Participant: 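Have a look at the structure that comes next, please.
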Number of protein chains: 2
Amino acid sequence: MTTLKELAKLLNISVSTVSKALNDSHEISEVTKRRVNELADKLNYKPNRIAQQLKSNRTKTIGVILPTVTNPFFAEVLHGIETSATKHKYDIIVCLSDESLTKERRSIELLSNGSVDGFIIAVARESQVEEETAHINSAINNKIPVLMFDRVVNEILCDKVVVDDFQSVYEATEYLIEKEKRKHILLVSNIEELSVGKLRIKGYQKAIEDSDLKPNILKLSKVDDVEKHIHDYLKNNPETDAIVSIDHVTGIIAINMAKKIGKNIPKDLSVIGFGYEHTQLLSSPKISIVHQKAYEIGEMSIKLLIDNLMSEEHEIKTIVVPSKLKLAESTK
Amino acid sequence: MTTLKELAKLLNISVSTVSKALNDSHEISEVTKRRVNELADKLNYKPNRIAQQLKSNRTKTIGVILPTVTNPFFAEVLHGIETSATKHKYDIIVCLSDESLTKERRSIELLSNGSVDGFIIAVARESQVEEETAHINSAINNKIPVLMFDRVVNEILCDKVVVDDFQSVYEATEYLIEKEKRKHILLVSNIEELSVGKLRIKGYQKAIEDSDLKPNILKLSKVDDVEKHIHDYLKNNPETDAIVSIDHVTGIIAINMAKKIGKNIPKDLSVIGFGYEHTQLLSSPKISIVHQKAYEIGEMSIKLLIDNLMSEEHEIKTIVVPSKLKLAESTK
DNA sequence: TTGTATGCGTTATCAT
DNA sequence: ATGATAACGCATACAA
């Protein structure tokens with residue numbers, strides 16, 4: 001790689017003159033600037049980023065710690081983060097915790113050595129369940145700003161970007177009750193141990209309670225045979241006329257199982273799940289979804305974090321990105 | 001952040017002694033080592049990564065350029081890359097080209113300033129269609145090693161990790177013909193302009209040809225109403241008794257449409273698609289898939305690239321990661 | 001207008 | 001066994 005020193009030697013001028021010329025300093029004559037820039041172009045000179053980082057003590061790089069990227073929600077958030085970071089001339093270093101506390105902690109520790117100017121984190125399932133988040137506070141204590149999104153730890157004082165988990169499920173359930181006159185609404189959950197899962201369930205419970213209906217919650221663990229459990233439930237509880245799925249996969253499975261036992265969708269059974277672009281594509285009939293603005297969450301996270309990095313005094317805030325209920329079709 | 005200089009001052013010894021002590025140099029007395037390490041621990045000293053990078057002229061960071069991460073194939077490859085990179089003590093900087101040549105070119109240029117030691121790239125759709133890949137060669141000319149995976153440009157001389165696109169579809173088609181005695185096999189494609197799409201179609205054509213059957217190819221563009229096209233095709237061509245989908249979504253849609261028009265799956269119609277873990281979960285009845293070892297592709301890509309970075313003399317090679325046909329259930 | 005010197009934090013070479 | 005010095009590449013305060 002070409003360096004300032006090499007350019008200087010070739011042009012028989014000093015390194016600092018070259019540096020100033022390339023930075024278009026007013027102290028340098030136009031003639032010199034032209035000579036310098038021409039040679040720099042010719043040799044494809046690019047200022048060494050590492051040296052600039054050392055000098056400025058800023059990396060213009062953000063560490064992004066995600067539980068996984070196979071889940072389309074996090075994939076789309078990452079898309080928003082990457083696009084927005086690029087727009088602000090920041091790079092992102094991505095680490096996947098695989099839902100493991102240990103991996104998450106190690107990643108944060110490893111990057112807390114000057115590698116990044118700040119962190120964007122959605123905590124691992126394990127960290128959230130065990131309520132072990134000292135490593136995150138440690139980053140904050142080291143003066144590395146942190147922004148948490150989606151899976152959030154309330155006790156940690158930092159910027160947050162969250163979904164309206166409670167409200168969106170409340171409204172979805174309310175819609176089923178008020179508009180569709182459904183009476184037996186089942187909630188299907190495989191994420192009840194996460195902060196977001198808890199909030200969604202509460203939204204459902206409140207809506208059910210407000211209408212004097214009876215709550216029905218089917219909790220599925222990861223290892224369960226999801227298909228079989230939903231199938232059996234629908235068989236054993238034929239009065240069920242609506243399902244709210246609070247994740248992005250059990251809703252589609254519910255539709256498949258309902259069809260299998262001869263239910264007409266949406267006449268006999270109305271299904272609302274969580275999802276994104278592709279979700280609706282993969283179900284037939286189309287599933288209604290609570291569409292989380294994942295891309296916007298990513299965008300907003302970068303914006304807020306960079307605001308923090310730039311400003312001297314920054315007041316901590318939490319931003320709620322509203323979801324949108326996207327109905328499959330008119331279910332009348 | 002604590003620095004060597006600060007430690008040195010506090011201990012009243014020189015910076016170089018501190019540095020050597022921390023690196024467990026044999027030149028330093030055990031007493032000093034202990035004093036230094038104790039203080040370093042106490043102040044949570046971590047060597048500044050940027051300074052180390054400048055000194056060593058190596059970043060231990062790899063630039064990963066992906067077309068998208070919303071496609072589960074690339075998401076899973078990224079998972080493999082991240083895990084494997086971490087294991088080798090490398091970080092990854094992730095850039096998404098969004099299938100755009102311009103974005104891809106810009107990302108590579110921006111990182112070609114010492115930010116990364118090497119690149120892992122799957123080229124954007126646009127770059128592949130327009131056969132414009134000078135920017136990739138430019139990185140290689142700048143002595144930054146490049147590894148391409150999946151979407152590969154044959155003309156570029158670099159390591160490659162690819163899927164057995166031709167072979168896997170050949171075998172899937174052959175399976176439908178030989179074992180299931182299918183006679184009217186439709187290939188559904190929405191990626192025929194990509195290198196991988198072309199190879200998969202060729203695999204299908206060869207298998208059909210070898211059995212003296214008639215090829216039927218339904219090409220769908222992104223903007224098409226995929227459901228309607230498949231639906232209409234099945235309606236108009238009721239003799240169709242098998243479908244090979246060469247992407248990860250049209251197969252599931254085909255199953256949904258076939259059920260809709262009353263076909264019994266797999267009796268009347270056998271469907272094989274491309275996919276990964278979640279794909280089979282979302283279809284009912286289960287779709288058979290060509291399971292691309294996406295995670296392994298990521299792992300292998302890191303391995304090969306780091307081999308290249310480490311060794312002085314490195315001979316260029318292409319590794320084929322075989323896919324595996326995962327049948328949904330015994331279709332007899 | 002140009003050049004010299006200094007420092008970012010680390011490591012390596014060469015004294016002492 | 002310890003310390004002084006230089007160097008990585010860049011940017012800037014200060015001299016000339």
Side-chain angles (χ1 to χ4, degrees), chain A residues 1-37 39-40 43-61 89 110-117 142-144, chain B residues 1-37 39-40 43-61 89 110-117 142-144:
Chain A
M1 271 196 19
T2 315
T3 66
L4 288 183
K5 199 195 276 186
E6 288 167 27
L7 294 179
K9 179 172 283 176
L10 287 169
L11 293 167
N12 268 314
I13 56 180
S14 79
V15 170
S16 61
T17 305
V18 177
S19 172
K20 289 172 186 167
L22 288 170
N23 289 309
D24 201 25
S25 160
H26 57 273
E27 321 180 356
I28 304 294
S29 73
E30 290 306 322
V31 202
T32 310
K33 280 186 191 171
R34 237 205 24 250
R35 289 210 319 139
V36 171
N37 278 303
L39 185 63
L43 298 186
N44 193 24
Y45 168 80
K46 297 195 194 96
N48 182 306
R49 177 96 127 25
I50 305 301
Q52 288 180 320
Q53 290 176 344
L54 184 61
K55 190 87 182 68
S56 67
N57 200 27
R58 298 190 324 146
T59 61
K60 298 268 270 174
T61 301
K89 300 190 188 307
L110 282 176
L111 293 181
S112 296
N113 60 358
S115 295
V116 300
D117 294 344
N142 285 336
K143 306 284 175 220
I144 310 180
Chain B
M1 272 194 20
T2 316
T3 65
L4 287 183
K5 198 195 276 185
E6 288 166 29
L7 293 179
K9 179 172 282 176
L10 287 169
L11 293 168
N12 268 314
I13 56 180
S14 78
V15 170
S16 52
T17 304
V18 178
S19 172
K20 287 173 188 166
L22 289 170
N23 289 309
D24 201 26
S25 161
H26 58 272
E27 321 180 357
I28 304 294
S29 74
E30 289 306 320
V31 202
T32 310
K33 280 185 191 172
R34 236 202 26 249
R35 289 209 318 138
V36 171
N37 279 302
L39 186 64
L43 299 186
N44 193 25
Y45 168 81
K46 296 195 195 95
N48 182 305
R49 179 100 138 357
I50 305 299
Q52 288 180 320
Q53 289 175 345
L54 183 62
K55 192 82 179 78
S56 68
N57 201 27
R58 298 191 324 146
T59 61
K60 298 268 269 174
T61 302
K89 301 191 188 307
L110 281 177
L111 294 181
S112 296
N113 59 358
S115 296
V116 300
D117 294 344
N142 285 336
K143 306 285 176 221
I144 310 180

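Within every chain, numbering begins at 1; the chains are lettered A, B, ... in the order of the sequence lines, protein sequences first and strands thereafter. Everything numeric in this text was worked out from a predicted model, so none of it was measured.
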Participant: Show, in sequence, the C-alpha distance, side-chain angles and deciding distance for A:Q52 and B:N113, and conclude whether the side-chain contact (heavy atoms from CB on, under 4.5 Å) test is met.
Facilitator: CA-CA 11 Å; A:Q52 288 180 320; B:N113 59 358; 5.5 Å; no
Participant: To the nearest Å, how far apart are A:H26 NE2 and C:dT1 P?
Facilitator: 9 Å
Participant: Could you list the residues that satisfy side chain to side chain donor-acceptor pair (under 3.5 Å) with A:N48, not counting sequence neighbours?
Facilitator: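 Counting only residues at least two positions away or on another chain, A:N48 forms no side chain to side chain donor-acceptor pair (under 3.5 Å).
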Participant: B:L10: which residues meet the side chain to side chain contact (heavy atoms under 4.5 Å, CB included) condition with it, sequence neighbours left out?
Facilitator: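 B:L10 satisfies side chain to side chain contact (heavy atoms under 4.5 Å, CB included) with B:L39, B:L43 once adjacent residues are dropped.
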Participant: Under 4.0 Å, heavy atoms only, any strand: does B:S29 hit a base, just the sugar-phosphate, or nothing?
Facilitator: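 Sugar-phosphate, backbone atoms only, no base.
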Participant: Distance check needed: C:dT11 C1' versus B:R58 CZ, whole Å only.
Facilitator: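 Result: 14 Å.
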Participant: Which residues pass the side chain to side chain contact (heavy atoms under 4.5 Å, CB included) test with A:T32, sequence neighbours left out?
Facilitator: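 Counting only residues at least two positions away or on another chain, A:T32 forms a side chain to side chain contact (heavy atoms under 4.5 Å, CB included) with A:I13, A:T17, A:I28, A:S29, A:V36.
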Participant: Provide the full list of salt bridge (charged side-chain N to carboxylate O under 4.0 Å, His left out) pairs with a residue in residues 2-12 of chain A, sequence neighbours left out, each pair given once.
Facilitator: none
Participant: Quick one: list whatever passes side chain to side chain donor-acceptor pair (under 3.5 Å) with A:T59, sequence neighbours left out.
Facilitator: A:D117
Participant: Over how many whole Å does the gap from A:R34 atom CZ to C:dT1 atom P extend?
Facilitator: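 Answer to the nearest Å: 15 Å.
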Participant: Give every residue pair that meets the salt bridge (charged side-chain N to carboxylate O under 4.0 Å, His left out) criterion with at least one member in residues 14-24 of chain A, sequence neighbours excluded.
Facilitator: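 Every pair satisfying salt bridge (charged side-chain N to carboxylate O under 4.0 Å, His left out) with a residue in residues 14-24 of chain A: A:K20-A:E27, A:D24-A:K33.
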Participant: Using chain B heavy atoms and a threshold of under 4.0 Å, write down where along DNA chain D the contacts begin and end, 5' to 3'.
Facilitator: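 Both ends considered, the range comes out as D:dA1 to D:dG9.
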Participant: For B:K46, which residues count as a salt bridge (charged side-chain N to carboxylate O under 4.0 Å, His left out) partner, sequence neighbours excluded?
Facilitator: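 Testing B:K46 for salt bridge (charged side-chain N to carboxylate O under 4.0 Å, His left out), a comparison that skips the adjacent residues, returns none.
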Participant: Please enumerate all residues that pass side chain to side chain contact (heavy atoms under 4.5 Å, CB included) together with A:L54, with sequence neighbours excluded.
Facilitator: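 A:L54 satisfies side chain to side chain contact (heavy atoms under 4.5 Å, CB included) with B:I50, B:A51, B:L54 once adjacent residues are dropped.
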Participant: What's the angle between the local helix axes at either end of the helix from C:dT1-D:dA16 to C:dT16-D:dA1, using five pairs per end and rounding to 10 degrees?
Facilitator: 60°
Participant: What residue pairs, at least two apart or across chains, pass salt bridge (charged side-chain N to carboxylate O under 4.0 Å, His left out) with a residue in residues 47-61 of chain A?
Facilitator: A:R49-A:D91
Participant: Would you give a per-nucleotide map of nucleotides 3-9 of chain C, 5' to 3', where B means the base has a protein non-hydrogen atom under 4.0 Å away, S means only the sugar-phosphate does, and - means neither?
Facilitator: BB--BBB
